[in-house]
Amino acid sequence: EVPLVESGGDFVQAGGSLRLSCATSGFHFDDYAIGWFRQASGKEREGVSAISNGDCSTFYAHSVKGRFTISSDNAKNTVYLQMNSLKPEYTAVYYCAAERSHEVGRLFLLPLVYGSWGQGTQVTVSS
């Protein structure tokens, strides 16, 4: 497992924006893919987006395409999730996860792909 720490969750009004961060350390960042997931109360964990740190290729869930942007700063070993035009239904705990890979695709929106997880950060969007 690799250490992951999420931050940036907050309480925001609908239509607002947040940027989440996933800070990592202690492993070769470029060899890993990072995924962002969210889990609303009483619901299953849902894949939102993923990025391959090696070539910065990305993949998004259809529900967030055009609203969310995933990016990585290899110098800081940090992956970001910029979330715009937030909706109340986006209220959830957001997690980042890591797995060794040099590419991402639809499979990287599945929780079972990942071996390491952060503790999560709460995002609450009010109507």
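- The CD1 atom of Ile51 sits 5.0 Å away from the CD1 atom of Ile70 when rounded to the nearest 0.5 Å.
- Cluster membership for Phe11 and Val125, using ILVMFWY side-chain heavy atoms within less than 4.5 angstrom, is not shared.
- For Arg45 against Pro111, the heavy-atom pair with the smallest separation is O-CG, 4.1 Å.
- Looking at Ser17 and Asn84, their side chains do bring a donor and an acceptor atom within 3.5 Å of each other.
- Side-chain atoms of Met83 and Val123, non-hydrogen and from C-beta on, do get closer than 4.5 Å to each other.
- In this structure, Ile34 CD1 and Ser116 OG are separated by 8.5 Å, a value rounded to the nearest 0.5 Å.
- In this structure, Tyr95 is not a member of the same hydrophobic cluster as Tyr32, with clusters built from ILVMFWY side-chain heavy atoms closer than 4.5 Å.
- Atom-to-atom distance recorded for Ser52:OG and Glu99:CD is 12.5 Å, nearest 0.5 angstrom.
- In this structure, Gln122 and Thr91 have side chains that are in contact, with non-hydrogen atoms separated by less than 4.5 Å.
- A pairwise comparison of heavy atoms in Thr78 and Ala23 identifies OG1-CA, 4.0 Å as the closest pair.
- In this structure the side chain of Glu46 never reaches within 4.5 angstrom of the side chain of Phe37, judged on heavy atoms.
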- Take Arg67 and Lys87, measure what side chain to side chain contact (heavy atoms under 4.5 Å, CB included) needs, and give me the verdict at the end. CA-CA 10 Å; Arg67 293 177 182 267; Lys87 301 178 179 181; 2.9 Å; yes

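- Using cut-offs of 30° and 60° for the angle between ring planes, the Phe27 and Phe29 rings count as tilted.
- Nearest heavy atoms, Ser127 versus Ala14: CA-CB, 4.4 Å.
- Here the shortest heavy-atom pairing between Glu103 and Ser57 reads CA-OG, 4.3 Å.
- A cation-pi arrangement is absent between Arg106 and Phe59, since the terminal nitrogen or guanidinium carbon is not both under 6.0 Å from the aromatic centre and inside a 45° cone about the axis.
- Counted within 6.0 Å of CD on Glu89, heavy atoms from surrounding residues, nucleotides or ligands total more than 12; the atom is thus considered enclosed.
- At a threshold of 4.5 Å between non-hydrogen side-chain atoms, the residues Thr121 and Leu20 count as touching.
- Looking at Leu86 and Leu18, their side chains come closer than 4.5 Å, going by heavy atoms from C-beta outward.
- Judged by the 6.0 Å and 45° rule, Arg38 forms no cation-pi pair with Tyr94.
- The hydrophobic cluster containing Tyr114 does not contain Val2, counting ILVMFWY residues as joined when their side-chain heavy atoms lie under 4.5 angstrom apart, directly or transitively.
- Nearest heavy-atom pair, Gln119 versus Val5, reported as atom, atom and distance to 0.1 Å: OE1-CA, 3.8 Å.
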- Item | Criterion side chain to side chain contact (heavy atoms under 4.5 Å, CB included) on Ser72 and Cys56, from CA distance to verdict | CA-CA 7 Å; Ser72 67; Cys56 292; 3.8 Å; yes

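- A continuous path of ILVMFWY side-chain contacts below 4.5 Å connects Val64 to Trp36, so both sit in one hydrophobic cluster.
- Note that OG of Ser126 and CD of Gln13 are 4.5 Å apart. Values are rounded to the nearest 0.5 Å.
- Distance check: Ser21 OG to Lys76 NZ gives 9.0 Å after rounding to the nearest 0.5 Å.
- Among Asn53, Asp31, Asp55, the single residue meeting the side-chain hydrogen bond (donor to acceptor under 3.5 Å, both in side chains) criterion with His102 is Asp31.
- Side-chain contact check for Trp117 versus Cys96: every heavy-atom pair is 4.5 Å or farther apart.
- Linking ILVMFWY residues whenever their side-chain heavy atoms come closer than 4.5 Å, directly or via other members, leaves Phe108 and Val48 in distinct clusters.
- In summary, the aromatic rings of Phe68 and Tyr90 are positioned with their centroids under 6.0 Å apart.
- Using a 4.5 Å cut-off on side-chain heavy atoms (C-beta onward), Ser49 and Lys65 make no contact.
- Remark: side-chain polar atoms of Asp73 are paired, donor with acceptor, to backbone N or O of Ala75 under 3.5 angstrom.
- Of the inter-residue distances, the one linking Arg19 atom CZ with Tyr80 atom OH reads 5.0 Å to the nearest 0.5 angstrom.
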